[in-house]
Chemist: 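Attaching a single structure in structure tokens format; questions to follow.
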Amino acid sequence: MRGRRSAVTEPTPDVALEADVEPAGKGRPTPKRAAARKARRNVTPKNRKEAAAIQRERARSDRKVARSALLTGDERHLPARDAGPAKRLARDVIDSRFTLGQVLFGLIFVSFAASIALANAHSTLLRTVANAGPLLFLAVMAFDGGRNGRRARMTVEAKYGAAEARGIASYAFMRALLPRRFRRPPPKVSRGDQVG
């Protein structure tokens, strides 16, 4: 009896809580073996034409799921171009800031209307300003997009490393050129939020 310790120990609160929870089943009965064989047999194509049709149908359903994920922002089904925590962080960095790309479409409309209105103007200075203004804005917008792309790349590199930051600058640059409401996946952060 010497040196024996009691085998009964007090259960910890975590163990006691886990014992009270019953494991949930899969929610459906296991199929019979004959039904499972039949389901597998139906999926197997009989020739190349059927195999191509099955592959096209799977690709179509995958594209549909990815497209709906882009519209809703579902992280599990995003296409490879937008998937991953590094891309999500880059999107958040861009979405938390005001970018000049957000006013691009409005400026294009204004400059187009101005160039039509000033097409027959007698002053060459007005026509030059109407034609050169949009080009100057595009250059400033490209500079702003590049600066935001570098900022997103540096943020991702600081958090996830240089390997994950590859391609982030161009990804963020393209997102910065779009107006906020046209960005896909939709923004998850508000303008002015701290990200990183």
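Any value given below was found using the heavy atoms of this structure, including those in side chains, with hydrogens, waters and symmetry copies removed. By convention here, the first residue in the shown sequence is residue 1.
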Chemist: Test side chain to side chain contact (heavy atoms under 4.5 Å, CB included) on V65 and H77; report intermediate values, then the result.
Modeler: CA-CA 7 Å; V65 168; H77 302 292; 3.5 Å; yes
Chemist: Give, for atom CG of D62 and atom CD of E57, the distance between the pair rounded to the nearest 0.5 Å.
Modeler: 10.0 Å
Chemist: Check for me, please, whether M174 and L178 land in the same ILVMFWY cluster - side-chain distances under 4.5 Å, paths through other members count.
Modeler: no
Chemist: Could you see if L138 belongs to whatever hydrophobic cluster contains L107? Use Ile, Leu, Val, Met, Phe, Trp, Tyr and a side-chain cutoff under 4.5 Å.
Modeler: yes
Chemist: Can you give me the closest heavy-atom contact between E50 and N47, atom names plus distance?
Modeler: N-OD1, 2.9 Å
Chemist: Apply side chain to side chain contact (heavy atoms under 4.5 Å, CB included) to the pair E164 and E157, showing each step before the final yes or no.
Modeler: CA-CA 7 Å; E164 291 291 325; E157 192 171 324; over 6 Å; no
Chemist: Listed by chain and number, what are the salt bridge (charged side-chain N to carboxylate O under 4.0 Å, His left out) partners of R88, not counting sequence neighbours?
Modeler: E75
Chemist: State, to 0.1 Å, how close K188 and D92 come at their nearest heavy-atom pair, and which atoms those are.
Modeler: CB-OD1, 4.3 Å
Chemist: Looking at every non-hydrogen atom in both residues, tell me the closest pair between P85 and Y160 and how far apart they are.
Modeler: CB-OH, 3.5 Å
Chemist: Are Q55 and R60 linked by a side-chain donor-acceptor pair shorter than 3.5 Å?
Modeler: no
Chemist: Tell me, do I94 and F173 make a side-chain contact under 4.5 Å, heavy atoms counted?
Modeler: no
Chemist: Between the side chains of R81 and Y171, is a donor N or O closer than 3.5 angstrom to an acceptor N or O?
Modeler: no
Chemist: Which heavy atom in P185 sits nearest to a heavy atom in L78, and how many Å separate them?
Modeler: CG-CD2, 3.8 Å
Chemist: With salt bridge (Lys or Arg N to Asp or Glu O under 4.0 Å) as the test, would you mind laying out the steps for R183 and D95 before giving the verdict?
Modeler: CA-CA 9 Å; R183 292 177 182 168; D95 294 337; 2.8 Å; yes
Chemist: Please check if the number of heavy atoms outside R166 that lie under 6.0 Å from its CZ is greater than 12.
Modeler: no
Chemist: Just how far is it from atom OG1 of T99 to atom CG of L177, taken to the nearest 0.5 Å?
Modeler: 7.5 Å
Chemist: Rounded to the nearest 0.5 Å, what separation is found between the CZ atom of R151 and the CZ atom of R147?
Modeler: 5.5 Å
Chemist: Verify side chain to side chain donor-acceptor pair (under 3.5 Å) between Q102 and R191, making sure each step is shown before the conclusion.
Modeler: CA-CA 12 Å; Q102 296 176 3; R191 202 176 284 138; 3.0 Å; yes
Chemist: Tell me, please, which residues at least two apart from R180 pass salt bridge (charged side-chain N to carboxylate O under 4.0 Å, His left out).
Modeler: none
Chemist: Walk me through whether D193 and S190 qualify under side chain to side chain contact (heavy atoms under 4.5 Å, CB included).
Modeler: CA-CA 6 Å; D193 288 353; S190 300; 3.6 Å; yes
Chemist: Looking at F98, I want to see if its CZ is surrounded by more than 12 non-hydrogen atoms of other residues, nucleotides or ligands under 6.0 Å.
Modeler: yes
Chemist: Shortest non-hydrogen contact from R91 to D82?
Modeler: NH1-O, 2.8 Å
Chemist: Checking D144 side chain against V140 main chain: does a donor-acceptor pair fall under 3.5 Å?
Modeler: no
Chemist: Between P187 and R175, which heavy-atom pair has the shortest distance, and what is it?
Modeler: N-NH2, 3.8 Å
Chemist: If you apply the rule side chain to side chain contact (heavy atoms under 4.5 Å, CB included), what do you find for L100 with F143, and how did you get there?
Modeler: CA-CA 10 Å; L100 290 178; F143 174 76; over 6 Å; no
